[in-house]
Peer 1: 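Starting off with a structure, shown below.
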Amino acid sequence: MGKMARRCGRATSRFSEEHEISVSMTATAAFFICLCLAFPPAAEAGLYTASDQIVLLSEQNVGSVLVNSSAAMVVEFYASWCGHCISFSPIYKKLARDIKEWKPAVNMAAIDCAADENVKICTEYKIRGYPTVKFFHANSSANSLGTPYRGFSRDVRELRHMIIDSLESPGDPWPPACPPLEPTSEAEINNFFETNTVQNLALIFENDKSYIGREVTLDLLQFENITVRRVLDTEEHLVSKLGVTEFPSCYLYYPDGQFERLVVKFEVRTFYVYALQRLPGVVRSGKPPSVFTELLKNRTEEPWRDFNSSRVYMADLESALHHSLRVELAFQSVINGQALTALKDYISVLSKYFPGRPVVMNLLKSLNSWLRNQNKGPISYKAFRERVDNTAQVPDAALPEGVRWVGCQGSQPHFRRYPCGVWTLFHVLTVQANNIGGSEPKEVLNAMRNYIHNFFGCRYCADHFENMAREGLDVVTTLPSAVLWLWYRHNRVNNRIAGDLSEDPFFPKIQWPSPEMCPSCHTVKNNGEHSWNEAQVIPFLGSHFSSSRILTDYLEDEDKILETQRAKHSRQLQESLAQRHVERIVREASNPITSPPPSSVQEGVEDEGLQEGEEGPQDETEAYEENNEGGEENPAPAASDRGHQRAHRIPSIIGMRLHPRREDIVDLDSFVNQHFKAKALQLAASSLVKQRTLQTKVEQEPRPAFNLGMELDAGLGMVGLQPVDDFNELNSIHQGKGLKKRELAGQYFRREAEFDHRGHWMSVITIGFSNLDISLCVILYTLSFTCLLAMCVFFRNHLRRRRFKFALP
């Protein structure tokens, strides 16, 4: 009973990867020496890295890891130049992945004795040959040299059994986190629920030489609400009570005394672990309980989308593309060198093998074509983004904006999503390349590797993936092997991050596919170890990720996507024109109008006329709208037509914008004489070069047009253009525009000729005033003159009368 109170009943491990690793034990030593010399001996440059879930020992941490540790430690002392060490390293890595769930009871470490800084450590631990594997009990002293494994096997299963035997060695300290591994009795089982609060008790019936019960107990170390006990076949009464007839077998025992057998495909360790993990209430330590329905009710940021976990959704693939092309790549303002090559390969693979909708495929092909033409150095992300957003307006091409996760949605916004989408995307691409028949087996994998290396935001994840690619990508020689390589590495990642904070508690990391999803993919060896049936895995992956099985649920309609894109382009165009207009106003405000001296006005007429061919309309917005009626874009003129267009350009006065009245008090006479007359003369001079061309093309009969009057509004202080006749009788819109502009220019020159006939002073008096204004002025002057004349006659007669009176006697 006391021993059962020491229970740490938790945890489950994942399926151990049983992918066969064929490393030749007879490879030449020269090859291994060259391989080792290519990488300097350092903590990350030896035979192991942090991605292998092995503690890398050094002079700085060896004391804290091996001395007074709460966990038992298995340590390999090796030399990176040793051929046997190199051949053993894959087995040691596989062992580390296999017993990952045994932490914190058992942990694994390694140290490179070939590194100069580690020679002293290896000497202190009496290392005489390589590789040497030693077991250090929990709470080992500083003087402990560890227990060496002599003649240890190169088999993961036997190494695992050796570790269990070391844990159970009598007299050695027991790791505090380790649950009891000895067999239990019927009496302890009957009283178990009186002293424990766990919901599930699993009993594994086996013989004395079996390790399955102890292995499953350690595999479930990190899980709560589950306790595993082994029962030997010698417990006859309990065996008879439960009706056990097969060994090994697993039974679930409940608090009310009821029991039932755990049904699995094979009575082996990995199938027991997988089934027990998924019992109600069993969760990883530190993870919240699975109350998923309550979670869905409390979600307010995004609605939950029901999905089939055994299918792939196009919404996830398009969401991954959006985040990749519009979010992740945006962190690099300029893309060049290896990053540009990686981007080109990535887009090329997408354009070849992505099984997308027509609008998405059109965009990817257009983007790939544009990238292939960029051969003159770096490109800016701004230019790349314009192509992704289809500002070039390629017909029927668009990538939906925003994300809409379905099969990759997580219980919280920070779970799953984009990493899940990236994995799914590249699984689909490898399967599509295999189904279509790609020419290069590593094409998709190399594109994935280079993209993750250069662009993937999680640099820690990118380093782990690079380590996997560096050590095993060479084995890919066929398209099916590429599919298997990515699947196998994905399972390795799942094994490594299972239980991490990044794991979604409602979607735990498992060795995929599960026995429920693909029973034929799982099998066992003769020794009872789990193994993958690769002959069944390849067809399963080919079917699961095939384009014909991808679901299109929750997708936005293609017509709506194109309509949204057109509206966005229109809005951007309007914003661009508005920005130009604002910039022009600011530019004009920063350059106030100044009046040239009278002599310089006449001298500058010819020069300004020559420069008119280089100036455009003053109002860019109005010019754009006039030349693009009906919403059509006019292409840029060819170089051969530019000279011809200059000859027919609209006079600059046509594009003149009216300026708002300023609040300053000005002298009206000075304003008229110095500004408006000078402005009129300058505008006339600027159009002098065009006069002959315009006059030769104007029809002979007079037509109504604009009577261009330079009017001064005394209340507003503005110059206006007032139409006097309607021009709606023109034959067509474009012909009417041309005739209007020609007659407008001609009418202006006739107006100038009238100014010359009236004379210099008359033009000064009348410019800017209407006929009514002049008439009123004449009447006022006449009345004033009449009043003055009457007053003069009155006073003259009055003075004469007074003189006459003074003359009388």
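Throughout, numbering of the chain's residues begins at 1 and tracks the sequence.
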Peer 1: Would a 4.5 Å heavy-atom cut-off, applied to side chains only, mark Val74 and Asn107 as touching?
Peer 2: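 Val74 vs Asn107: side chains apart.
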Peer 1: Around atom CZ of Arg459, are there more than 12 heavy atoms of other residues, nucleotides or ligands at under 6.0 Å?
Peer 2: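 For Arg459, atom CZ is crowded (more than 12 foreign heavy atoms under 6.0 Å).
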Peer 1: May I ask you to say whether Glu529 pairs ionically with Arg160, meaning some side-chain N is under 4.0 Å from a carboxylate O?
Peer 2: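 Arg160 and Glu529: salt-bridged.
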Peer 1: For side chain to side chain contact (heavy atoms under 4.5 Å, CB included), just list the numbers for Val493 and Met468, CA-CA rounded to whole Å, side-chain angles, deciding distance to a tenth of an Å, and then say yes or no.
Peer 2: CA-CA 10 Å; Val493 173; Met468 292 192 301; 3.6 Å; yes
Peer 1: Just by distance, do the side chain of Asn118 and the backbone of Ile121 share a donor-acceptor pair under 3.5 Å?
Peer 2: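 Pair absent, no side-chain N/O of Asn118 close to backbone of Ile121.
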Peer 1: If you take the centroid of each ring, where Trp contributes its six-membered ring, are Phe88 and Phe152 closer together than 6.0 Å?
Peer 2: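 Centroid distance Phe152-Phe88: below 6.0 Å, so yes.
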Peer 1: Please check if the side chain of Asn207 supplies one atom and the backbone of Lys209 the other of a donor-acceptor pair under 3.5 Å.
Peer 2: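 Here the side-chain-to-backbone pair exists.
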Peer 1: For a 4.5 angstrom cut-off between non-hydrogen side-chain atoms, does Val133 reach Phe77?
Peer 2: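 The answer is no, as the side chains (C-beta and beyond) never meet within the 4.5 Å cut-off.
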Peer 1: Going by atom types only, do Asp155 and Ser153 share a side-chain donor-acceptor pair under 3.5 Å?
Peer 2: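 Their side chains do not contain a donor-acceptor pair, so the 3.5 Å distance test is not met.
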Peer 1: Taking all atoms of both residues into account, what is the closest heavy-atom pair of Tyr48 and Ser89, and its distance?
Peer 2: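 Closest heavy-atom pair between Tyr48 and Ser89: OH-CA, 3.2 Å.
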Peer 1: Are side-chain N/O atoms of Gln258 and Tyr253 paired as donor and acceptor at under 3.5 Å?
Peer 2: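 No - no donor-acceptor pair under 3.5 Å links their side chains.
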Peer 1: Can you tell me how far apart CG (Asp233) and CD (Glu206) are? Round to the nearest 0.5 Å.
Peer 2: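 It is 9.0 Å, given to the nearest 0.5 Å.
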Peer 1: So which atom in Ala72 and which in Leu167 form the shortest heavy-atom distance, rounded to 0.1 Å?
Peer 2: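 Minimum heavy-atom separation between Ala72 and Leu167: CB-CD2, 4.0 Å.
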Peer 1: Do Lys100 side-chain atoms and Ala498 backbone N/O form a donor-acceptor pair below 3.5 Å?
Peer 2: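 Yes, Lys100 side chain to Ala498 backbone: donor-acceptor pair under 3.5 Å.
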Peer 1: So, for Phe192 and Asn196, which heavy atoms are closest and what is the spacing to 0.1 Å?
Peer 2: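 Closest pair (atom of Phe192, atom of Asn196, distance): O-ND2, 2.9 Å.
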Peer 1: Around atom NE2 of His414, are there more than 12 heavy atoms of other residues, nucleotides or ligands at under 6.0 Å?
Peer 2: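 Result for NE2/His414: enclosed.
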Peer 1: Just wondering, do Leu221 and Pro104 contact through their side chains at under 4.5 Å, heavy atoms?
Peer 2: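 They are in side-chain contact.
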Peer 1: What is the minimum heavy-atom distance between Phe266 and His522, and which atoms define it?
Peer 2: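 Taking every non-hydrogen atom into account, CE1-O, 3.9 Å.
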Peer 1: In Å, rounded to the nearest 0.5 Å, how long is the span from CH2 of Trp532 to CD of Gln511?
Peer 2: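 Going from the CH2 atom of Trp532 to the CD atom of Gln511 covers 6.5 Å.
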Peer 1: Look up atom CG in Asn68 and atom CG in Asn139, then write down how far apart they are to the nearest 0.5 Å.
Peer 2: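 Asn68 CG to Asn139 CG: 6.0 Å, rounded to 0.5 Å.
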Peer 1: Within the 3.5 Å criterion, strictly below it, is a donor on Asp504 or Ser411 matched to an acceptor on the partner's side chain?
Peer 2: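 Yes, a side-chain donor-acceptor pair sits under 3.5 Å.
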Peer 1: List the atom of Leu276, the atom of Ala202, and the distance in Å for their closest heavy-atom pair.
Peer 2: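 Closest approach of Leu276 to Ala202: CD2-CB, 3.9 Å.
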Peer 1: Assess whether side chain to side chain contact (heavy atoms under 4.5 Å, CB included) is satisfied between Val483 and Ile538, documenting all intermediate values.
Peer 2: CA-CA 7 Å; Val483 176; Ile538 291 179; 5.8 Å; no
Peer 1: Could you tell me whether a side-chain N or O of Asn308 sits under 3.5 Å from a main-chain N or O of Ser310, the two making a donor and an acceptor?
Peer 2: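 Between the backbone of Ser310 and the side chain of Asn308 there is a qualifying donor-acceptor contact (under 3.5 Å).
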Peer 1: Do Glu224 and Arg284 meet the salt-bridge criterion of a basic N to acidic O distance under 4.0 Å?
Peer 2: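 Judged by the 4.0 Å cut-off on N to carboxylate O distance, Arg284 and Glu224 do not form a salt bridge.
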Peer 1: Quick one, Ser309 and Phe507 - any side-chain contact, counting heavy atoms below 4.5 Å?
Peer 2: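 In short, these two side chains do not touch, never coming nearer than 4.5 Å.
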Peer 1: Got a donor-acceptor contact below 3.5 angstrom from the Lys509 side chain to the Glu503 backbone?
Peer 2: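 Pair absent, no side-chain N/O of Lys509 close to backbone of Glu503.
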Peer 1: Counting N and O atoms only, with roles assigned by atom type, does the side chain of Asp219 sit under 3.5 Å from a partner on the main chain of Val273, one being a donor and the other an acceptor?
Peer 2: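 Checked: no pair found.
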Peer 1: Applying side chain to side chain contact (heavy atoms under 4.5 Å, CB included) to Met448 and Leu486, what does each step give before you reach the verdict?
Peer 2: CA-CA 10 Å; Met448 179 183 185; Leu486 186 62; 3.6 Å; yes
Peer 1: Does any non-hydrogen side-chain atom of Arg261 lie less than 4.5 Å from one of Cys250?
Peer 2: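 Not in contact.
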Peer 1: Heavy atoms, side chains only, cut-off 4.5 Å: are Leu252 and Leu279 in contact?
Peer 2: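 A side-chain contact exists here, since the closest heavy-atom pair is under 4.5 Å.
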Peer 1: Where do Met73 and Met108 land on the side chain to side chain contact (heavy atoms under 4.5 Å, CB included) test, with the steps shown first?
Peer 2: CA-CA 6 Å; Met73 296 296 300; Met108 295 183 62; over 6 Å; no
Peer 1: Find the distance between CG (Asn190) and NZ (Lys241) and round it off to the nearest 0.5 Å.
Peer 2: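 Asn190 atom CG to Lys241 atom NZ measures 5.0 Å (nearest 0.5 Å).
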Peer 1: Assess, by modelled atom type and distance only, whether the side chains of Tyr418 and Asp316 contain a donor and an acceptor separated by less than 3.5 Å.
Peer 2: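 Distance-only check fails for Tyr418 and Asp316.
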Peer 1: Go through the steps for Arg278 and Glu516 under the test salt bridge (charged side-chain N to carboxylate O under 4.0 Å, His left out), then give the verdict.
Peer 2: CA-CA 12 Å; Arg278 280 149 185 79; Glu516 293 88 352; 5.7 Å; no
Peer 1: Does a side-chain heavy-atom distance below 4.5 Å link Cys521 with Asn533?
Peer 2: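 When only atoms from C-beta onward are counted, Asn533 and Cys521 do not touch, as no gap falls below 4.5 Å.
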Peer 1: Can you tell me how far OG1 of Thr49 sits from CZ of Arg470, rounded to the nearest 0.5 angstrom?
Peer 2: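 So the gap between those two atoms works out to 8.0 Å.
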Peer 1: Please name the pair of heavy atoms, one in Ser514 and one in Tyr274, separated by the smallest distance, quoted to 0.1 Å.
Peer 2: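 Distance-wise, the nearest heavy atoms are CB-OH, 2.9 Å.
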Peer 1: Applying side-chain hydrogen bond (donor to acceptor under 3.5 Å, both in side chains), can you list everything that pairs with Ser166, at least two apart in sequence or on another chain?
Peer 2: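 Ser166 satisfies side-chain hydrogen bond (donor to acceptor under 3.5 Å, both in side chains) with Tyr149 once adjacent residues are dropped.
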Peer 1: Should Glu182 and Arg214 count as an ion pair when the cut-off is N to O under 4.0 Å?
Peer 2: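 Arg214 and Glu182: not salt-bridged.
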Peer 1: Where the side chain of Thr217 meets the backbone of Gly213, is there a donor-acceptor pair that is under 3.5 Å apart?
Peer 2: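 A pair under 3.5 Å: yes.
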Peer 1: Would you please indicate yes or no on a ring centroid separation below 6.0 angstrom for Phe506 and Phe415?
Peer 2: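 When the ring centroids of Phe415 and Phe506 are compared, they turn out to be at least 6.0 Å apart.
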Peer 1: Within the side chain of Thr424, is there an N or O that forms a donor-acceptor pair under 3.5 Å with the backbone of Cys420?
Peer 2: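 Yes, the answer is positive, given that a donor and an acceptor are paired below the 3.5 Å cut-off.
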Peer 1: Under a 3.5 Å distance rule, please check whether Asn495 uses its side chain to pair with a backbone N or O of Asn491 as donor and acceptor.
Peer 2: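 Absent.
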Peer 1: Taking NZ, NE, NH1 and NH2 as the nitrogens, is one of them in Glu235 or Arg230 under 4.0 Å from a carboxylate oxygen of the other?
Peer 2: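 Between Arg230 and Glu235 there is no salt bridge, as every charged N stays at least 4.0 Å from the carboxylate O atoms.
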Peer 1: Check whether the side chains of Asp172 and Ser169 place a donor and an acceptor atom closer than 3.5 Å, and report yes or no.
Peer 2: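 Ser169 and Asp172 do have a side-chain donor-acceptor pair below 3.5 Å.
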Peer 1: Give a yes-or-no answer on whether the side chains of Trp512 and Asn494 include a donor-acceptor pair shorter than 3.5 Å.
Peer 2: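 The answer is no; no qualifying pair exists.
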Peer 1: Is a salt bridge present between Lys93 and Glu471, judged by a nitrogen-to-oxygen distance below 4.0 Å?
Peer 2: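 Glu471 and Lys93: salt-bridged.
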Peer 1: Looking at Gly472, is its backbone amide N or carbonyl O close enough to the side chain of Trp485 to form a donor-acceptor pair, meaning the two atoms are under 3.5 Å apart?
Peer 2: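 At least one qualifying donor-acceptor pair exists.
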Peer 1: Hey, do the aromatic rings of His137 and Phe135 have their centres closer than 6.0 Å?
Peer 2: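 Yes, the ring of His137 comes within the 6.0 Å limit of the ring of Phe135, centre to centre.
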Peer 1: With a 4.5 Å cut-off on side-chain heavy atoms, are Leu47 and Asp112 touching?
Peer 2: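 Side chain of Asp112 against side chain of Leu47, heavy atoms only: no contact under 4.5 Å found.
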Peer 1: Is it the case that the ring center of Tyr78 lies less than 6.0 angstrom away from the ring center of Tyr130?
Peer 2: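 No - the distance between ring centres of Tyr130 and Tyr78 does not fall below the 6.0 Å cut-off.
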Peer 1: Can a side-chain donor-acceptor contact be found between Tyr254 and Glu260 if the only test is distance below 3.5 angstrom?
Peer 2: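 The criterion, which ignores hydrogens and geometry beyond distance, is satisfied for Tyr254 and Glu260.
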Peer 1: Using only heavy-atom distances, determine whether the side chains of His544 and His427 contain a donor-acceptor pair under 3.5 Å.
Peer 2: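 Absent: no donor and acceptor within the cut-off.
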Peer 1: Is Asp98 salt-bridged to Arg269, cutoff N-O under 4.0 Å?
Peer 2: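 Looking at Asp98 and Arg269, the cut-off is met.
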Peer 1: Distance alone, cut at 3.5 Å: any donor-acceptor contact between the side chains of Glu215 and His161?
Peer 2: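 Yes, His161 and Glu215 have a side-chain donor paired with an acceptor closer than 3.5 Å.
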Peer 1: For the atom pair CD (Glu76) and SG (Cys85), what is the distance rounded to the nearest 0.5 Å?
Peer 2: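 It is 6.0 Å, given to the nearest 0.5 Å.
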